[in-house]
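Working notes for the structure below.
One is the number of the first residue; the rest follow in order along the sequence. Each ligand, and each atom within it, is numbered from 1 in the order the structure gives.
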Amino acid sequence: MNILVTGGLGFIGSHTVVELVSAGHTPIIVDDLVNSKLEVLNRIEKLTHVRPVFYELDLCEEEKLDMVFQAHPIDAVIHFAGLKAVGESVGKPLEYYSNNLGSTLSLLRRMVAHGVKNLIFSSSATVYGTPPSLPIKEDFPLGETTNPYGTSKAMIERILSDFCKANPDFNIALLRYFNPIGAHASGELGEDPNGIPNNLMPYVTQVVVGRRPYLTVFGDDYDTPDGTCIRDYIHVVDLAIGHVMTLKKLVQNPGLVIYNLGTGKGTSVFEVLEAFEKGTGVKVPYKVGPRRPGDLPRLYANCDKAFEELGYKATRTVEEACRDAYNFQKKNPNGIE
Ligand code: NAD
Ligand code: UD1
């Protein structure tokens, strides 16, 4: 199938493009490079021996986006494009709402205009807010989001659900990612944040290659076995494969579907550091600091629905993800240049 991949040069998008090619699909990438580099396209070509068609454009520029739909018969869209830095979103709410909502609305209008009826959207476990119990299931009520990034995801989910009710012949999947980490095993693709990383794994890998002196563990006094927060870390390649499997099901299944993409297993920050040492032989220097406002002690997914309906199960371990993330950072100490 011809798959339009928005944000296809970003962290999750680029890994998904590689899996799409290996599953026999033809990805067409749209990205405005606001948080990625053109070099990623060369890396994709190196890994797949295919250079996907690429359009450098902002999805909010609807007329230009229309030209992409005119130029290619598109079967489905995977919509990764969006701004994703939680802290930054608090200071720049308008940018986050305009970009994340605006790009989705313009994409939906172009899909309607061109009769493209299959869409996968990158949502986040953040939409659950504080869950009533664990593990988190898809039918849990949506919780309160605490920052414009998270709110934009919750709003887009709502928009897509209203849209699907009004357009019952559309097939839409909301994929709620837990914590994507790791990198392509080749070390060619990986997570390459601008500035100081907000997320745990890129911070760790930057510490071990000497770009930062130590990791600050945000609190070791939580009500968890070792006092540090627990998350559900999923290898980015497993996550990418989840999109390919969702695609297969999506095209046969009208309506809106929601899947958690995680592993179902909780891992604490200290356990991540242990896994890192096991997987790489490198000890991560760290200091324990205060809690980060907004962090919840435990979050992990129930992944039964994706397994039962898609046959999907993440198989890579946190240790493998640490090894791959380290390999990427070693090969690209200053990120993708
Ligand atoms: P990323 O920043 O690496 O990739 C997003 C890509 O979208 C970037 O290449 C960026 O240049 C592009 N982009 C942004 N706005 C655009 C626009 N208006 N037009 C065209 N391109 C645009 O992020 P990622 O980690 O790969 O995340 C992909 C998606 O998954 C995002 O929607 C993100 O919110 C969501 N998500 C990510 C995580 C995570 O931890 N990485 C967790 C949950 C959900
Ligand atoms: C964060 C966001 C969430 C977003 C997700 C994926 C917050 C409060 N939440 O989730 O909205 O969907 O990223 O992008 O920002 N940690 C440290 N030291 C660090 C960095 C992280 O100890 O330098 C700890 C955190 O306290 C947390 C764990 O590592 O317990 C994972 O953190 P992170 O990677 O930022 O993910 P989340 O907090 O789950």
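Of all atoms in ligand 2, numbered sequentially from 1 with element shown, those under 4.0 Å from a heavy atom of Asp295 are 8 (C), 25 (C), 26 (O), 38 (O). Counting the atoms of ligand 1 from 1 in the order shown, those under 4.0 Å from a heavy atom of Val34 are 10 (C), 11 (O), 13 (N), 14 (C), 15 (N).
At a heavy-atom cutoff of 4.0 Å, ligand 1 is contacted by the backbone of Leu57 but not by its side chain. If you look at His79 next to ligand 1, there are no close heavy atoms at all, none under 4.0 Å. Contacts of Leu215 with ligand 2, taken as heavy-atom pairs under 4.0 Å, involve the side chain alone. Only the side chain of Asn179 comes within contact range of ligand 2, with a heavy atom under 4.0 Å; no backbone atom does.
If you look at His243 and Tyr177, their ring centroids are closer than 6.0 Å. Note: Phe178 and Tyr233 fail the aromatic proximity criterion, with ring centroids not under 6.0 Å apart. Between Phe80 and Phe11, the distance from one ring center to the other does not fall under 6.0 angstrom.
Looking at Glu277, its side chain never comes within 3.5 Å of a backbone N or O of Glu274 through a donor-acceptor pair.
Annotation: cation-pi geometry not satisfied between Arg231 and Tyr300 (NZ/CZ under 6.0 angstrom from ring centroid, within 45° of ring axis).
The closest protein non-hydrogen atom to atom 13 (N) of ligand 1 is Asp32 OD1, 3.5 Å. Protein heavy atom at the shortest distance from atom 24 (C) of ligand 2 is Val269 CG2, 3.8 Å. Looking from atom 28 (C) of ligand 1 to the surrounding protein, the closest heavy atom is Phe80 O, 3.5 Å. Considering only non-hydrogen protein atoms, atom 27 (O) of ligand 1 sits nearest to Ile12 CD1, 3.7 Å.
A donor-acceptor contact closer than 3.5 angstrom links the side chains of His72 and Tyr55.
Nearest to atom 14 (O) of ligand 2 by heavy-atom distance, out of Leu200, Asn199, Ile181, Ile196, is Asn199. Closest heavy-atom approach to atom 44 (C) of ligand 1 within the set Pro180, Ala81, Ser123, Ser122: this belongs to Ser123. For atom 36 (N) of ligand 1, the nearest non-hydrogen atom from the set Phe178, Tyr149, Phe11 comes from Tyr149. Remark: among candidates Thr126, Asp220, Val86, the nearest residue to atom 15 (O) of ligand 2 is Val86, based on non-hydrogen atoms. Across the listed options Asp31, Asn99, Leu9, Asp31 owns the non-hydrogen atom lying nearest to atom 11 (O) of ligand 1.
Distances shorter than 4.0 angstrom occur between a heavy atom of Tyr233 and an atom of ligand 2. Within the structure, the closest approach of Gly150 to ligand 2 does not fall below 4.0 Å when heavy atoms are considered. In this structure, Glu191 has no heavy atom closer than 4.0 Å to ligand 1. The shortest heavy-atom distance from Lys84 to ligand 2 is not under 4.0 Å.
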| Hey, mind stepping through Tyr312 and Phe307 against ring pair (Phe, Tyr, Trp, His ring centres under 6.0 Å) and telling me if it holds? | CA-CA 4 Å; Tyr312 172 73; Phe307 182 64; 9.1 Å; no
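In the hydrophobic clustering of ILVMFWY residues, with side-chain heavy atoms under 4.5 Å counting as a link, Leu33 and Ile44 come out together.
Residues Phe69 and Arg110 are in side-chain contact: their nearest non-hydrogen atoms beyond the backbone lie under 4.5 Å apart.
Asp75 pairs in a side chain to side chain contact (heavy atoms under 4.5 Å, CB included) with only one of the listed residues (Met1, His25, Lys117), which is Met1.
Between Tyr128 and Phe140, the ring planes lie perpendicular to each other; the angle is over 60°, past the 30° to 60° tilted range.
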